[in-house]
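Read the structure below first, then the notes.
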There are 2 protein chains.
Amino acid sequence: MRPKLTDVATKAGVSATTVSRVINNYGYLSQQTKDKVFQAMRELNYQPNSLARSLHGKKTLLIGVIFPSISNPFFAELVERIENKLFNQNYKIILCNSADNKEKERDYLRMLIANQVDGIIAGTHNLGIDEYNKVGLPIVSFDRRLSDKIPIVSSDNLRGTALATKEIYQAGARHIYFLGNPHQIGNPTDLRLQGYQQTIAKLKLTPHIHAVAFSESPTLKSLSIKKLLTQHHADGIVCTDDLTAILVLQAARNLKIAVPQELKVVGFDGTAFIQEYHPELSTIVQPIDDIASLLVNILIERIDHAEQPLEQMQYILPVKLLRSQSTFYLDE
Amino acid sequence: MRPKLTDVATKAGVSATTVSRVINNYGYLSQQTKDKVFQAMRELNYQPNSLARSLHGKKTLLIGVIFPSISNPFFAELVERIENKLFNQNYKIILCNSADNKEKERDYLRMLIANQVDGIIAGTHNLGIDEYNKVGLPIVSFDRRLSDKIPIVSSDNLRGTALATKEIYQAGARHIYFLGNPHQIGNPTDLRLQGYQQTIAKLKLTPHIHAVAFSESPTLKSLSIKKLLTQHHADGIVCTDDLTAILVLQAARNLKIAVPQELKVVGFDGTAFIQEYHPELSTIVQPIDDIASLLVNILIERIDHAEQPLEQMQYILPVKLLRSQSTFYLDE
DNA sequence: TTTCGTATGTCAATCGTTTATCACAAAAAT
DNA sequence: ATTTTTGTGATAAACGATTGACATACGAAA
């Protein structure tokens, strides 16, 4: 059996109250007593039962983190940063992969409430708005509109694909395709399509939208891409994420289409992983670390000062274009 | 304020005892009463406070999952599978990224104990054995020896690199290098080096070991690989992980070394990610799903029957060679 | 000498739920 | 008609820690 507070008290030869006073550091305490208690705690390898403390009204220091999947490097890196920053503030995370599954997301939401988490960071959304409103806990969202009471952090998606489109145009392409997630109403990521469309209009080109669901398997995506590359005469592709862009590069290699000479490609996300293992890909870099910081900071602010009204509902962080060989021909 | 058990009782017009009976399904209960209570629970959006339940001795249904990082696709996929399987058994995970940091790992271990997790799955190890022994909780380890009381699940690392070495030999290479993590005493992954050495000896070749720390940054790794490819005349490389193998392929491309004609490369891990986004790489595939299942099953067995002695201390799962274009020349 | 600040102890209530015990009544079985 | 089974309630202790109220004792300052 795990030692408890009274065991420490006995061991240290003091009262339970004193031990609690030492742990929570209040009231009058002599250095000598503190030392004795700490000593006893160490000897017994004592850890205060956090359930009991939380039951008494203290924070659980648990944060629910809901994302569709961590197999995607973007989410993996984001979650890892979030975990890190929360750890530095003494919080732990309960990781929830919703798998874009309504039931699982609902179940997790219930579990998080039952476990009295102090707050939630969500990067997924399949449920109705009222389900999120009913949660009654501080929530911050990444890139999804959960309800009008929940603040959203996102990258400048609009500017992102605008930049990408312009880059491809400047590199010489005139048949520029948009490849990625089809429309979902109300989410910030829709702006990626808009950014493309606006820029294409400005450039007086014809828009070409080739929809591929984000959740589709890579094999099916590849098939669809192959069709795009063979049956259409695209010379530039704006992708809504890097992985799709990688598939495009792969397909182009197989079809002996020279990149960037015959085909220019820009991805979206710009994870460390892509930058390191696919340095040839031009991409729109989302500021993952800033996103993580902001999500964590806003959430902790909401937790510590729940009574204060929300300062802002939308936080849009700047993106950068990382120019590389998929748009820029480097003579060697 | 969140509704509590007594609120449900009032709403349903029954006693608190009855509500608890309904929730825990014991004693005599009429269907009518059950319905009334469930109805009230739904209306109030009631969730039993899991802290209070656990405090009373019920399980927390929380599992600590400690891995160095989830930015590595192998760990990401493994953790995701683990999360999934645990979710199906009603457990949630507290994700701990140790970042190969002793202090962080220790802190997390403490936190997990304080939070009364029911068990721990660990895939990292920087602490002394006694620290793990002192935990006093069911633990299962992946690929690391934590103590002689903690069961280990791992792939057949020995056979893995043996297969890889043989594959490269059969493809025609005679100057076969080992590229990867330097020796760490006592861990199953050491067997990867042994598998290489044994096979090289059997083939009567000279072993060449080129050590690159697993935790090194990709940029430094690439530098080291470039040195290997230019200053030595390797025609085959057995890598201890896929990411390193990708860097080798990258470097070879930059140096205009033809793969597989001039250089044969085999990776290790064989994640879905690699198979999908780097199908050209021959690799040793670890059975990630089986690993996850086994880890989860053993842990839950330990949790539910802590009194029973451990059946087995080592579980070694078979690996497969996935042959592709980095060792096998496919005429098109 | 009195009083105050310091240092500890005792006692009890509390957090929300579980569970055992006792009690009582109505329905079903003997 | 009596026993048994079924269904519900009231009460209280327990889980482990926190915290406030109150008591006590010591040394030092007034």
Side-chain angles (χ1 to χ4, degrees), chain A residues 1-41 44-62 110-118 136, chain B residues 1-41 44-62 110-118 136:
Chain A
M1 204 52 201
R2 215 142 261 309
K4 39 189 183 176
L5 190 131
T6 50
D7 299 328
V8 176
T10 311
K11 182 104 184 175
V14 298
S15 73
T17 306
T18 301
V19 176
S20 183
R21 287 209 259 253
V22 171
I23 292 171
N24 296 285
N25 195 34
Y26 80 101
Y28 294 115
L29 289 167
S30 69
Q31 193 55 49
Q32 196 198 356
T33 310
K34 284 191 204 170
D35 291 342
K36 267 195 305 187
V37 172
F38 283 132
Q39 176 64 21
M41 284 171 57
L44 293 172
N45 198 26
Y46 170 77
Q47 289 297 322
N49 182 326
S50 117
L51 302 181
R53 309 186 74 186
S54 301
L55 189 55
H56 203 82
K58 302 227 164 200
K59 294 197 288 186
T60 55
L61 296 174
L62 286 171
R110 264 201 288 264
M111 279 178 169
L112 292 176
I113 294 171
N115 279 279
Q116 315 289 116
V117 297
D118 293 333
Chain B
M1 206 50 200
R2 215 145 261 307
K4 40 189 183 178
L5 191 132
T6 51
D7 298 327
V8 177
T10 311
K11 182 104 185 174
V14 298
S15 72
T17 308
T18 301
V19 176
S20 183
R21 284 197 183 114
V22 171
I23 292 171
N24 296 285
N25 195 34
Y26 80 100
Y28 295 114
L29 288 167
S30 69
Q31 193 55 49
Q32 197 198 355
T33 311
K34 283 190 204 168
D35 290 344
K36 268 195 306 189
V37 171
F38 283 132
Q39 176 63 23
M41 283 170 60
L44 292 171
N45 198 23
Y46 170 76
Q47 288 298 322
N49 184 325
S50 117
L51 301 181
R53 310 186 75 186
S54 302
L55 187 54
H56 202 81
K58 302 229 162 198
K59 295 196 290 187
T60 55
L61 296 174
L62 286 171
R110 263 202 289 265
M111 280 180 171
L112 291 176
I113 295 170
N115 278 279
Q116 315 290 115
V117 295
D118 293 332

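Just so we're on the same page: letters track the sequence lines, and every chain starts at 1. Keep in mind it's a predicted model, so treat the numbers as computed, not measured.
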Could you give me the CA-CA distance, side-chain angles and deciding distance for A/Arg21 and A/Val37, then say whether side-chain contact (heavy atoms from CB on, under 4.5 Å) is met?
CA-CA 10 Å; A/Arg21 287 209 259 253; A/Val37 172; over 6 Å; no

With distance as the sole test, does A/Asn115 use its side chain to make a donor-acceptor pair with the main-chain N or O of A/Val117 at under 3.5 Å?
no

Measure from the side-chain N and O atoms of A/Asn49 to the backbone N and O of A/Leu51, and report whether any donor-acceptor pair falls under 3.5 Å.
yes

Kindly give the heavy-atom pair with the smallest separation between B/Val14 and B/Val19, and that separation in Å.
CG2-CG2, 3.8 Å

Can you name the atoms? Protein N/O to nucleotides 27-30 of chain D N/O, anything below 3.5 Å, with the distance.
none

Contact check, side chains of [X] and [Y], non-hydrogen atoms, under 4.5 Å:
X: B/Tyr46; Y: B/Asp7; answer: no
X: A/Leu61; Y: B/Met111; answer: no
X: A/Leu29; Y: A/Thr18; answer: yes

Check every strand shown and say whether A/Thr18 touches a base, only sugar-phosphate, or nothing at a heavy-atom separation below 4.0 Å.
sugar-phosphate

Just by distance, no angles: are the side chains of B/Ser20 and B/Thr17 close enough, under 3.5 Å, to form a donor-acceptor pair?
no

Over the length of the helix from C/dT1-D/dA30 to C/dT30-D/dA1, how much do the five-pair end axes diverge, rounded to 10 degrees?
40°

Apply the test side-chain contact (heavy atoms from CB on, under 4.5 Å) to residues A/Leu5 and A/Ile23: give CA-CA distance (whole Å), side-chain angles for both, the deciding distance (0.1 Å), then the verdict.
CA-CA 10 Å; A/Leu5 190 131; A/Ile23 292 171; 4.2 Å; yes

Could you state the interatomic distance from [atom1] ([X]) to [atom2] ([Y]), rounded to the nearest 0.5 Å?
X: A/Arg110; Y: B/Asn45; atom1: CZ; atom2: CG; value: 8.5 Å
X: B/Gln47; Y: B/Arg2; atom1: CD; atom2: CZ; value: 8.0 Å
X: B/Lys34; Y: B/Asn25; atom1: NZ; atom2: CG; value: 5.5 Å
X: B/Ile113; Y: A/Ser50; atom1: CD1; atom2: OG; value: 12.0 Å
X: B/Gln39; Y: B/Lys11; atom1: CD; atom2: NZ; value: 9.0 Å

Report, one pair per line, the protein and nucleotides 15-23 of chain C atoms (nitrogen or oxygen only) whose separation is under 3.5 Å.
{"unit_1": "C/dG16", "atom_1": "OP2", "unit_2": "B/Lys4", "atom_2": "NZ", "d": "2.7"}
{"unit_1": "C/dG16", "atom_1": "N2", "unit_2": "B/Ala52", "atom_2": "O", "d": "3.3"}
{"unit_1": "C/dT17", "atom_1": "OP1", "unit_2": "B/Tyr46", "atom_2": "OH", "d": "2.6"}
{"unit_1": "C/dT17", "atom_1": "OP1", "unit_2": "B/Asn49", "atom_2": "N", "d": "3.2"}
{"unit_1": "C/dT17", "atom_1": "OP2", "unit_2": "B/Leu5", "atom_2": "N", "d": "2.5"}
{"unit_1": "C/dT18", "atom_1": "OP1", "unit_2": "B/Asn24", "atom_2": "OD1", "d": "3.4"}
{"unit_1": "C/dT18", "atom_1": "OP1", "unit_2": "B/Asn24", "atom_2": "ND2", "d": "3.3"}
{"unit_1": "C/dT18", "atom_1": "OP1", "unit_2": "B/Arg53", "atom_2": "NE", "d": "2.5"}
{"unit_1": "C/dT18", "atom_1": "OP1", "unit_2": "B/Arg53", "atom_2": "NH2", "d": "2.9"}
{"unit_1": "C/dT18", "atom_1": "OP2", "unit_2": "B/Ser20", "atom_2": "OG", "d": "3.3"}
{"unit_1": "C/dT18", "atom_1": "OP2", "unit_2": "B/Asn24", "atom_2": "ND2", "d": "3.3"}
{"unit_1": "C/dT18", "atom_1": "O2", "unit_2": "B/His56", "atom_2": "NE2", "d": "3.1"}

Rounding to a whole Å, what distance do you find between B/Gln32:CD and D/dT6:C1'?
14 Å

Those residues that, when tested against B/Asp35, pass side-chain hydrogen bond (donor to acceptor under 3.5 Å, both in side chains) (two or more places apart):
B/Gln31

Could I get a table of every N or O pair under 3.5 Å where one atom is in the protein and the other is in nucleotides 25-28 of chain C?
none

Atom pairs under 3.5 Å: protein N/O with N/O of nucleotides 5-7 of chain C:
{"unit_1": "C/dT6", "atom_1": "OP2", "unit_2": "A/Tyr28", "atom_2": "OH", "d": "2.9"}

